[in-house]
Amino acid sequence: MAKTAAPVYDPQAIEPKWRAAWKRAGLFKVSEDAGKPKFYNLVMFPYPSGPLHMGHFRNYVIGDAFARYKLMRGYNVLNPFGWDAFGLPAENAAIKSGIPPRVSTEENIRISKHELDLMGVMYAWDREVTTCNPDYYRWTQWLFLKLLERGLAYKKLASVNWCPKDNTVLANEQIVNGVCWRCGTKPTKKDLDQWFFKITAYADRLLDDLDRLDRWPERVRVMQANWIGRSHGADLEFPLAERPDRITAFTTRPDTVYGATFMVLAPEHPLVAALTTDKQRAEVTAYIEKTRMETEIDRLSTEHEKTGVFTGGYAINPFTNERVPIWIADYVLATYGSGAIMGVPGNDERDLEFAKKFGLPVREIVSTTPQPTGAVTATVLGLEQGYAVNSGPYSGLRSREAFDRIITDAENRRIGRRTTTYRLRDWLISRQRYWGVPIPVVYCPEHGIVPVPEADLPVLLPPDVEFRSDGQNPLLYAKEFVNTTCPRCGKTARRETDTMDTFVDSSWYFLRYSSAQDDHEPFSTEKANYWMPVDQYTGGIEHAILHLLYSRFVTKVLHDAGMVAADEPFTSLFTQGMILRFGRVMSKSAGNGVTPDEMVEKYGADTGRVYELFIGPPELDAEWNDRGVDGVARFLHRVWRLVVGEEDNGPSTGTPVSSAGLLRKLHETIDKVSRDVEAFHFNTAMAALMELSNAMQDYIQAGGRRDETWDGVARDLARLLAPFAPHLAEELWQRMGQEGLVAMTPWPTVDPGLLRRETVTIVVQVDGKLRDRLEMASGISEAEARDQALKSPNVRRALDSKEPARAIFVPDRLINLVSR
RNA sequence: GCGGGCGUAGCCGAACUGGUAUAGGCGCAUGCCUUAGGAGCAUGUGGGGCAACCCGUGGAGGUUCGAGUCCUCUCGCCCGCACCA
């Protein structure tokens with residue numbers, strides 16, 4: 001049989017053409033349009049670190065596919081991109097190579113942009129945002145001034161985490177597993193005068209509003225809730241036995257105060273020096289010295305055995321009036337609560353361990369019954385579990401009741417109050433580095449800290465600075481930069497040389513996209529209110545706390561300032577898993593990356609895209625498999641041959657498919673793919689498309705012709721493929737003689753009438769066990785189904801001539817005959 | 001330790017509210033076509049059994065006509081937090 005010389009699928013030949021066509025058509029060029037539902041689709045913008053690999057692309061492919069899908073569904077889709085372009089790697093590279101950060105950053109952006117384009121990932125590039133450009137960071141400085149104005153930015157001397165490798169301080173959130181999130185170095189402590197954002201002022205709202213984020217992954221919400229770590233309890237005051245001072249101890253269990261047989265202060269507590277007796281002084285001083293040398297990790301390790309020293313001082317337990325010894329120990333943190341605790345070994349594991357080690361008295365003050373059991377167990381009883389015992393007038397009360405009454409009594413006696421504490425600390429934003437946003441303040445000998453007036457922004461980062469190999473901030477030596485005048489009095493003043501944490505840059509970029517080219521304001525409230533909140537945000541789980549918490553905070557601040565109506569930035573969050581290869585995360589340093597250039601050269605961009613969607617559930621890590629890529633390439637080649645290929649595909653051996661059956665398969669596929677994409681189940685959506693193409697192949701091979709039905713199915717297949725394999729879809733669309741871009745045609749709709757079947761397979765069970773499958777008319781009644789089922793030899797054998805006592809009937813699915 | 005999640009073919013993984021377990025892909029086997037093929041196409045592919053059937057979703061119980069799905073216990077793995085009073 002003569003075969004038509006049909007063209008072969010040649011991705012490299014067709015792909016560039018369609019990218020140019022999308023650009024000409026302005027695929028994602030949008031403006032505010034009240035006539036259409038808006039959809040703000042966002043992927044986390046990257047730090048431009050150079051060439052991308054297919055591991056990075058999982059995020060972009062998902063985002064691009066989703067944006068294209070929403071576009072076809074008729075939404076006004078905002079789909080922007082940008083660069084989180086300030087940061088240490090560029091500066092460290094400058095120290096090594098002498099290439100200025102701006103130069104290497106711009107080069108990296110150029111490369112990354114080319115690769116995104118190569119993969120057919122399209123954005124509203126007219127809204128591109130680059131955080132290291134003055135037209136962006138000017139507004140980051142504006143944001144700083146806004147926080148300053150609202151009393152949410154302040155400077156204080158603090159013992160901060162210092163990364164000796166990166167030569168800068170770290171926020172609490174930026175210490176991951178006890179080491180620097182960036183370089184893995186153990187941080188040390190330093191006392192420095194630093195800028196903070198008062199995120200703790202928003203702790204309650206950041207915690208409570210998590211409940212509204214019902215389209216966020218549960219684990220991210222849990223992580224944020226734990227991070228904020230709100231505890232309800234009381235501050236109780238313990239007067240010192242020998243001095244007029246008092247020690248405030250925060251406790252979540254004021255109901256156990258009758259068991260407070262000692263007190264423990266953090267070694268850094270201000271009263272330690274005063275209450276240490278001469279006899280104990282040497283020992284106490286030595287202990288303080290020792291803890292000072294310890295790193296945070298050593299100190300916080302659970303394995304760490306309890307240590308501590310008696311100060312020689314005593315306090316009075318205000319409820320028992322007993323003298324209780326005051327110790328210092330490193331398990332009490334100066335930075336949490338009041339830096340002092342009441343030691344209740346009777347209902348606290350840590351205190352019990354401490355008491356055992358140092359022979360301090362242990363008293364039973366919580367029991368499972370209203371009466372003491374006479375024994376102290378290591379089990380801690382929760383507030384809702386026990387009764388207060390051996391607790392004076394409170395004995396016999398439920399713990400919760402005792403909790404409330406003791407607080408009330410403490411308040412009346414003015415020795416305590418109900419309090420809430422948080423694990424969350426204020427956000428330390430100062431960085432002693434060059435490649436970041438200069439903090440826009442000036443130090444005047446007369447006026448102290450003076451903010452740079454808004455009109456004078458941006459405070460420009462000087463381009464020509466000397467990068468020193470000792471890692472010192474080059475701004476310290478940039479005389480032109482440092483030496484300035486006071487905006488208030490005009491006298492000689494010194495400019496702040498710290499720059500901002502790059503997480504400040506990324507805490508508001510999603511607002512800037514709404515007004516990326518605006519040079520009068522950071523963003524237009526009107527435009528931001530049209531687009532915000534982000535409807536779908538997609539990115540890596542590594543930002544579960546840092547970036548997402550900061551962004552929520554900044555959004556709430558700007559909401560309070562009346563600048564944006566949204567008070568949560570991201571309605572729906574999706575965190576995709578990482579791509580592994582040879583068992584390790586794909587990365588430049590591991591040398592296991594597959595580059596987009598390799599992919600495009602060998603298979604074409606569409607194969608790479610579909611493979612990344614098909615590789616597995618997008619929220620889970622997935623192992624890259626070169627054979628799997630081959631399988632996807634086969635699928636796309638098959639689609640090509642079906643639509644563009646020769647009439648005759650071989651002998652009629654396939655499973656027969658009727659044209660009604662083919663149409664039904666099409667509509668089942670439309671239904672499945674639509675629902676899967678909405679739910680981010682891209683892997684099963686790809687599987688459904690493969691099934692459709694398999695059915696189409698069966699149809700042709702069983703003698704089906706390329707008739708009108710076929711053409712309709714092929715057209716819809718092109719539309720269904722358009723978000724995922726966009727180049728191939730366009731080429732097929734054009735070759736089928738269709739006008740315009742398939743990317744801009746409507747998504748196919750399901751015709752429920754075509755989903756209906758004439759007959760259905762009814763599963764016949766006897767006593768719950770599968771005995772037969774019978775084709776029956778759809779919508780068959782229970783009685784008829786039962787009659788037919790009873791005719792089945794398999795069923796009769798299983799029933800063993802018994803009459804079924806009853807039947808369970810699930811229409812169009814199953815009949816279960818129960819013989820008992 | 002606390003919190004979140006997960007255990008399904010040789011491998012990656014499907015299975016909406018309990019209702020045909022294993023869709024789709026990889027791999028493998030056989031065949032077709034090829035000078036050739038890490039190409040293409042077709043068929044098959046959980047285990048046992050000649051068969052009727054039996055067994056099978058980490059393990060053990062339970063609820064139910066019916067459990068991968070719900071409940072209890074248990075084992076293993078991953079992630080987060082980790083002396084936060």
Side-chain angles (χ1 to χ4, degrees), chain A residues 176-178 217-223 225-227 229-231 233 249-253 256 264 299-306 329-333 335-344 348-351 353-354 421-425 541 544-545 611 614-617 619-632 634-635 637-638 641 649-655 672 675 679 681 683-691 694 697 701 761-773 793-794 797-798 804-810 813-820:
Chain A
V176 178
N177 294 326
E218 174 70 11
R219 60 173 176 152
V220 175
R221 291 192 291 167
V222 167
M223 280 164 76
N226 290 342
W227 187 262
R230 180 165 63 192
S231 310
F250 174 72
T251 174
T252 53
R253 295 301 297 272
T256 63
V264 190
R299 204 167 148 179
L300 294 182
S301 162
T302 317
E303 264 82 286
H304 189 51
E305 209 191 315
K306 292 270 178 298
D330 64 2
Y331 83 93
V332 175
L333 306 176
T335 46
Y336 184 80
S338 54
I341 61 159
M342 58 180 204
V344 185
D348 184 286
E349 262 179 61
R350 298 153 303 183
D351 296 346
E353 198 198 320
F354 193 79
T421 28
Y422 303 87
R423 219 186 71 119
L424 181 72
R425 311 291 156 78
I541 186 74
I545 294 172
Y611 180 61
F614 183 61
I615 193 166
E619 68 278 15
L620 302 181
D621 291 350
E623 173 76 22
W624 182 276
N625 178 350
D626 293 327
R627 302 265 201 186
V629 179
D630 286 332
V632 168
R634 271 197 284 275
F635 162 59
H637 275 97
R638 187 182 312 129
R641 280 195 308 274
N649 262 322
S652 303
T653 50
T655 323
K672 169 101 180 126
R675 281 189 287 113
H681 295 163
N683 55 326
T684 50
M686 296 308 104
L689 290 170
M690 289 173 184
E691 280 190 63
N694 290 345
Q697 181 139 333
Q701 283 178 345
T761 307
I762 303 268
V763 171
V764 183
Q765 298 182 335
V766 174
D767 296 328
K769 290 199 169 177
L770 178 80
R771 292 302 167 189
D772 210 344
R773 290 163 221 227
N794 287 355
R797 197 179 312 114
R806 63 186 173 118
I808 311 291
F809 181 62
V810 182
R813 292 204 81 138
L814 162 147
I815 183 155
N816 182 12
L817 305 168
V818 185
S819 68
R820 316 183 277 278

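Order of the sequence lines sets the chain letters (A, B, ...), proteins ahead of strands, with each chain counted from 1.
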Any side-chain heavy atom of [X] within less than 4.5 Å of one from [Y]?
X      : Y      : value
A/R219 : A/I541 : yes
A/V344 : A/T251 : no
A/M342 : A/T256 : yes

Under-4.0 Å side-chain N/O to phosphate OP1/OP2 contact, [X] with [N]:
X      : N     : answer
A/R641 : B/G40 : no
A/R423 : B/A82 : yes
A/R219 : B/C6  : no

Please measure how far the [atom1] atom in [N] lies from the corresponding atom in [M], and state the result in whole Å.
N     : M     : atom1 : answer
B/C54 : B/C6  : P     : 33 Å
B/G80 : B/U63 : P     : 40 Å
B/G68 : B/U57 : P     : 7 Å
B/G13 : B/G7  : C1'   : 13 Å
B/C28 : B/G37 : P     : 15 Å
B/G48 : B/G10 : P     : 11 Å
B/A67 : B/G56 : C1'   : 14 Å
B/G66 : B/C50 : C1'   : 31 Å

Give the nucleotide from the list [options] with an atom nearest to the side chain of [X].
X      : options             : value
A/V332 : B/C55, B/G40, B/A85 : B/A85
A/K769 : B/C55, B/G27, B/G24 : B/C55
A/R797 : B/G19, B/A85, B/A52 : B/A52
A/R806 : B/A15, B/G19, B/C65 : B/C65
A/M690 : B/G19, B/G24, B/A85 : B/G24

Calculate the interatomic distance between [X] atom [atom1] and [N] atom [atom2]; express it in whole Å.
X      : N     : atom1 : atom2 : value
A/D621 : B/C77 : CG    : C1'   : 14 Å
A/Q697 : B/G40 : CD    : C1'   : 10 Å
A/N683 : B/G25 : CG    : C1'   : 11 Å
A/R813 : B/C16 : CZ    : P     : 10 Å
A/N625 : B/G27 : CG    : P     : 8 Å
A/R638 : B/G40 : CZ    : C1'   : 10 Å
A/R634 : B/G37 : CZ    : P     : 16 Å
A/E353 : B/G1  : CD    : P     : 15 Å

**Request:** Ignoring hydrogens and angles, state whether a donor on the side chain of A/Y331 or A/D351 is under 3.5 Å from an acceptor on the partner side chain.
**Result:** yes
**Request:** Say whether A/R423 and A/N226, considering side chains only, have a donor N or O and an acceptor N or O under 3.5 Å apart.
**Result:** no
**Watson-Crick and G-U pairing of RNA chain B written in dot-bracket, each distance under 3.5 angstrom, with | for inter-strand partners** = (((((((..(((......[....)))((((((.......))))))(((....)))..(((((..]....))))))))))))....
**Asked** If you count the non-hydrogen atoms of other residues, nucleotides and ligands that lie under 6.0 Å from CD in A/E619, is the total more than 12?
**Response** yes
**Message:** Between B/G1 and A/E349, counting only base atoms on the nucleotide and side-chain atoms on the residue, is there a donor-acceptor pair under 3.5 Å?
**Reply:**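 Counting by modelled atom types and ignoring angles, no donor-acceptor contact under 3.5 Å is found here.
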**Message:** Any N or O donor-acceptor pair under 3.5 Å from the base of B/C81 to the side chain of A/N226?
**Reply:** no
Please work out if [X] contacts a base, only the sugar-phosphate, or nothing of the nucleic acid, heavy-atom cut-off 4.0 Å.
X      : result
A/L620 : nothing
A/G631 : sugar-phosphate
A/P617 : sugar-phosphate
A/S231 : sugar-phosphate
A/E691 : sugar-phosphate
A/V810 : base
A/D351 : nothing
A/R221 : nothing
A/N816 : base

**Message:** On RNA chain B, does the nearest nucleotide to A/N694 precede the nearest nucleotide to A/W227 from the 5' side, or the other way round? Give the residue.
**Reply:**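 Closer to the 5' end of RNA chain B: A/N694.
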**RNA chain B: 5'-proximal contact among A/R773 and A/T251 (nearest heavy atom)** = A/R773
**Request:** Take the angle between the ring planes of A/Y336 and A/F250 and call it parallel below 30°, perpendicular above 60°, tilted in between.
**Result:**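 A/Y336 vs A/F250 ring planes: perpendicular.
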